[in-house]
Undergrad: 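The structure follows.
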Protein chains: 2
Amino acid sequence: MTTVLVVDDEPQILRALQINLHAHGYTVVPAPNGTTALAAAQTQAIDVVVLDLGLPDMDGLEVIAGLRGWTEVPIIVLSARHGSHDKVEALDAGADDYVTKPFGLDELLARLRAATRRSGAQTEEPRVETAEFTVDLANKQVFRHGEPVRMTPTEWSVLELLVRNPGRLISQQQILTEVWGPAYAKETHYLRVYMAQLRRKLERDPAAPVHLLTEAGMGYRFAP
Amino acid sequence: MTTVLVVDDEPQILRALQINLHAHGYTVVPAPNGTTALAAAQTQAIDVVVLDLGLPDMDGLEVIAGLRGWTEVPIIVLSARHGSHDKVEALDAGADDYVTKPFGLDELLARLRAATRRSGAQTEEPRVETAEFTVDLANKQVFRHGEPVRMTPTEWSVLELLVRNPGRLISQQQILTEVWGPAYAKETHYLRVYMAQLRRKLERDPAAPVHLLTEAGMGYRFAP
DNA sequence: AGCCAGCGTAAAGAACACGTAAAAACAAGC
DNA sequence: GCTTGTTTTTACGTGTTCTTTACGCTGGCT
């Protein structure tokens, strides 16, 4: 199921999109302004964002910037302006697509499909395996030597973030903001606690980890 | 350098795009029809495709399908038709973006940037190699003879700055302000300490560096 | 030749980051 | 309202990194 965050200040349009997109199989998260949009994007798993540029509380470009600060989620911009300049600004701010009003529903649906196809193509990797354990991303399950291992929600979030970026160094800040939220960006101690728990559950020798590595002062890295 | 495959049957437009895109730093591979376009895409490394739908030899949708059969390269469609139906068809066939004529050059450039940004984020792995070591910018990892080398945060910052500007002379002030902050612009001794550490880790003979060079009185330079 | 500013190297204490265990606070289900 | 599982605190020992100090070397200049 694809979840769409729809941001529009006009209640009728918001409602119309909600109904129509839902009818076509999408889960819709509505947001009437930029603040709630950014909040919703942080608390829920959003697959694609549909954003009207004309918002009451903040500039649409700020919303794009606020999202692009931490996520690669596709953003489709809606706007009444046909001006070339507006398009350029929105796309350069980080938007993926630009649709001018009035637009047909089928066009929006096609652009949604294009956006999710793109992002889906890069992230669809159901299973990640190591010598010691296997992570099933799709089913949110972890096996060690074939036996299922229980994970708490927080443990899973941390593990998933690392495993989805094999080999890449992930900074503490990035983990904290993605798992706990931006307000927790400095609670680096949480990470030590949870990394220890993950290692206790997944590493042969938790004191000498092979797959969940620490790079002192820099962050953590998952080595396949 | 980004390479763009431009497919258009009108020689003037093809030529105009070629000149303008080249002026903005793109390498342009021109193709007047679908057959040459598909052939060119197979033989050369293409980063993004700009495709006019009205081609003499085959339907534009066939070209999209022909490309999508084996590559994920971003495709931007140009078309004179404003009809919603055409857009839907092109996007569903696998195009990434749809621009209706007439369009401004700055809009096309913005869409090109958006397309390459997307694909560049997922596929391109910025790696810098020398005879002695390899620096993986994306994963923040350094290898020497295939073996990973640990870097402290400060060591990495200095190395990254130099490696991202291969061959260029970087002044001491520039390194100090970028890594330690403007207040440290005169702590040139820090640099000597860290350059020594980097050379000890990465150079065959740290006393006679080959890649991390000192330009006395001026700054430092990374030679690939 | 001798001076000296800039550079390279080594080593040590201070400051900071990390790992671990266990207790306290919190939430959800029955 | 109790139980159970999870998250957040607290405490402390260890390890790593940064900064500072000390000293030797080089190459240009007088």
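A, B, ... follow the sequence lines: proteins, then strands. Residue 1 opens every chain. Note that these values count all heavy atoms, side chains included, but never hydrogens, waters or copies made by symmetry.
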Undergrad: Got a sec, which pairs hit salt bridge (charged side-chain N to carboxylate O under 4.0 Å, His left out) with one end in residues 160-171 of chain B, sequence neighbours left out?
TA: B:E160-B:R164
Undergrad: Send over the distance from B:Y190 OH to D:dT19 C1', rounded to a whole Å.
TA: 5 Å
Undergrad: In residues 14-28 of chain A, what donor-acceptor pairs under 3.5 Å come from side-chain atoms, sequence neighbours left out?
TA:
from	atom 1	to	atom 2	distance (Å)
A:N20	ND2	A:A16	O	3.1
A:H24	ND1	A:N20	O	2.9

Undergrad: Contact class for B:W180 (heavy atom, under 4.0 Å): base, sugar-phosphate, or nothing?
TA: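 Contact class for B:W180: sugar-phosphate only.
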Undergrad: Write down the distance between CG (B:L176) and P (D:dC18), rounded to a whole number of angstrom.
TA: 14 Å
Undergrad: Closer than 3.5 angstrom, by distance alone: can the side chain of B:T130 be matched with the main-chain N or O of B:E132 as a donor-acceptor pair?
TA: yes
Undergrad: Protein within reach of the bases, or only the backbone? For nucleotides 4-20 of chain C, mark each nucleotide 5' to 3' as B, S or -, using heavy atoms under 4.0 Å.
TA: --SBBBS------SBBB
Undergrad: Show each protein N/O and nucleotides 25-30 of chain C N/O combination with a separation under 3.5 Å, one pair to a line.
TA:
none

Undergrad: What residues form a salt bridge (Lys or Arg N to Asp or Glu O under 4.0 Å) with A:D52, not counting sequence neighbours?
TA: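 By the salt bridge (Lys or Arg N to Asp or Glu O under 4.0 Å) rule, A:D52 matches A:K101.
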Undergrad: Test of understanding: with ring pair (Phe, Tyr, Trp, His ring centres under 6.0 Å), list the residues that count as partners of A:F222, not counting sequence neighbours.
TA: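 A:F222: no ring pair (Phe, Tyr, Trp, His ring centres under 6.0 Å) contacts found.
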Undergrad: Using whole Å, what does the distance between atom P of nucleotide D:dT16 and atom CG of A:L213 come to?
TA: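 My rounded result for the distance is 14 Å.
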Undergrad: Check whether the ring centres of B:Y194 and B:W180 lie less than 6.0 Å apart, and answer yes or no.
TA: yes
Undergrad: How would you list all residue pairs meeting salt bridge (charged side-chain N to carboxylate O under 4.0 Å, His left out) that involve residues 106-116 of chain A, not counting sequence neighbours?
TA: A:D97-A:R111, A:E107-A:R111, A:E107-B:K87, A:R111-B:D97, A:R113-B:D92
Undergrad: Salt bridge (Lys or Arg N to Asp or Glu O under 4.0 Å) with A:E62: which residues, sequence neighbours excluded?
TA: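 A:E62 satisfies salt bridge (Lys or Arg N to Asp or Glu O under 4.0 Å) with no other residue.
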Undergrad: It should be established whether B:R150 places a side-chain nitrogen or oxygen under 4.0 Å from OP1 or OP2 of nucleotide D:dT16.
TA: no
Undergrad: Quick one: salt bridge (Lys or Arg N to Asp or Glu O under 4.0 Å) partners of B:E187, sequence neighbours excluded?
TA: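 Per chain and number, B:E187 pairs via salt bridge (Lys or Arg N to Asp or Glu O under 4.0 Å) with no residue.
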Undergrad: By ring pair (Phe, Tyr, Trp, His ring centres under 6.0 Å), which residues pair with B:F133, not counting sequence neighbours?
TA: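 B:F133: ring pair (Phe, Tyr, Trp, His ring centres under 6.0 Å) contacts with B:H211.
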Undergrad: Which pairs would a plain distance check flag for residues 171-178 of chain B, meaning a side-chain donor or acceptor within less than 3.5 Å of a matching protein atom at least two apart in sequence or in another chain?
TA:
from	atom 1	to	atom 2	distance (Å)
B:S171	OG	B:Q174	N	3.1
B:T177	OG1	B:Q173	O	2.8
B:T177	OG1	B:Q174	O	3.1

Undergrad: OP1, OP2 of D:dT17 versus side-chain N and O of B:Y194: anything below 4.0 Å?
TA: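 No, because none of the side-chain N or O atoms of B:Y194 sits under 4.0 Å from OP1 or OP2 of D:dT17.
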Undergrad: Axis-to-axis angle across the helix from C:dA1-D:dT30 to C:dC30-D:dG1, five pairs an end, to 10 degrees?
TA: 30°
